[in-house]
Amino acid sequence: GAVVSQHPSWVICKSGTSVKIECRSLDFQATTMFWYRQFPKQSLMLMATSNEGSKATYEQGVEKDKFLINHASLTLSTLTVTSAHPEDSSFYICSARDENRGSGANVLTFGAGSRLTVL
Amino acid sequence: EDQVTQSPEALRLQEGESSSLNCSYTVSGLRGLFWYRQDPGKGPEFLFTLYSAGEEKEKERLKATLTKKESFLHITAPKPEDSATYLCAVWSGGSYIPTFGRGTSLIVHP
């Protein structure tokens, strides 16, 4: 089945530094990937849609200069949290849709998530 | 705007005690309803997709059903390893981005 690999699984950084999170589709190509943020006991909040070869589409209220998304290939999307602050601490999860399964399925496969802690 | 409401927020069961989780939704033109399982500190894992009212799907101790207004995830004789958060999501209209509910946190005690 479709597998999405996300790295790192956890990261601790100092306030003001930038952190990059990678999301790879291992056995399928994904022209579109999605980045979510999840707070404790809350649902998944869609941050942005990553589009291969073009600019990401950000959800309302998400700062595009704070959360830089790059989707340089059909199997890799990256999220960079720039000048991180403690309030950026959260669980970030990426997902992708295996388009070979057909648009009728629309099943998202999720990565294992990345726990970011900003000191 | 699509809305998904899951209840209860949390559920504690004894091993073997069957129960159901509810997912109520309001959408314009349902194209699919998804159930995912999420373990602590992990990403969601796909369980089922239901496409139309009356449809049912089963996987081990889990059975998902769908009506025009809600979906149920029935758990029969649960085991401690079924403990997780169960998320419901709906896909509708012209967008392929599903809307997620807040989830039900299930704890099964041995």
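Every chain is numbered from 1 and lettered A, B, ... according to where its sequence line falls, protein lines coming before strand lines.
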Check for me, please, whether [X] and [Y] land in the same ILVMFWY cluster - side-chain distances under 4.5 Å, paths through other members count.
X	Y	answer
A:L44	B:V27	no
B:L47	B:L50	yes
B:L21	B:V90	yes
A:Y36	A:F67	no
A:W35	A:F28	no

Residues of residues 69-96 of chain A within contact distance of chain B, non-hydrogen under 4.5 Å
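A:F91, A:I93 fall under the 4.5 Å cut-off.
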Inter-residue atom distance A:T49.OG1 - B:I97.CD1, 0.5 Å rounding:
3.5 Å
Within a 6.0 Å radius of atom NZ on B:K57, are there more than 12 heavy atoms belonging to other residues, nucleotides or ligands?
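Atom NZ in B:K57 is packed in, count exceeds 12.
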Mind checking which of residues 61-70 of chain B sit less than 4.5 Å from chain A, heavy atom to heavy atom?
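Under the 4.5 Å heavy-atom cut-off, nothing qualifies.
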Residues of residues 99-110 of chain B contacting chain A, heavy-atom criterion under 4.5 Å, by residue number:
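The stretch touches chain A at B:F100, B:G101, B:R102.
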Per-residue contact mode, A:Q6 against chain B (heavy atom under 4.5 angstrom)
neither
A:L108 portion near chain B, given a 4.5 angstrom heavy-atom threshold:
both
Applying side chain to side chain contact (heavy atoms under 4.5 Å, CB included), run through A:V107 and B:W91 and close with a yes or a no.
CA-CA 10 Å; A:V107 174; B:W91 171 35; over 6 Å; no
Under the ring-ring contact (aromatic ring centres under 6.0 Å, His included) definition, can you give me all pairs with a residue in residues 67-90 of chain B, not counting sequence neighbours?
B:F72-B:H74
Top contributor to chain B interface from A:S114, A:S43, A:G111, A:S9 [non-hydrogen pairs under 4.5 Å]:
A:S43
Heavy-atom distance under 4.5 Å to chain A: side chain of B:Q38, backbone, both or neither?
side chain
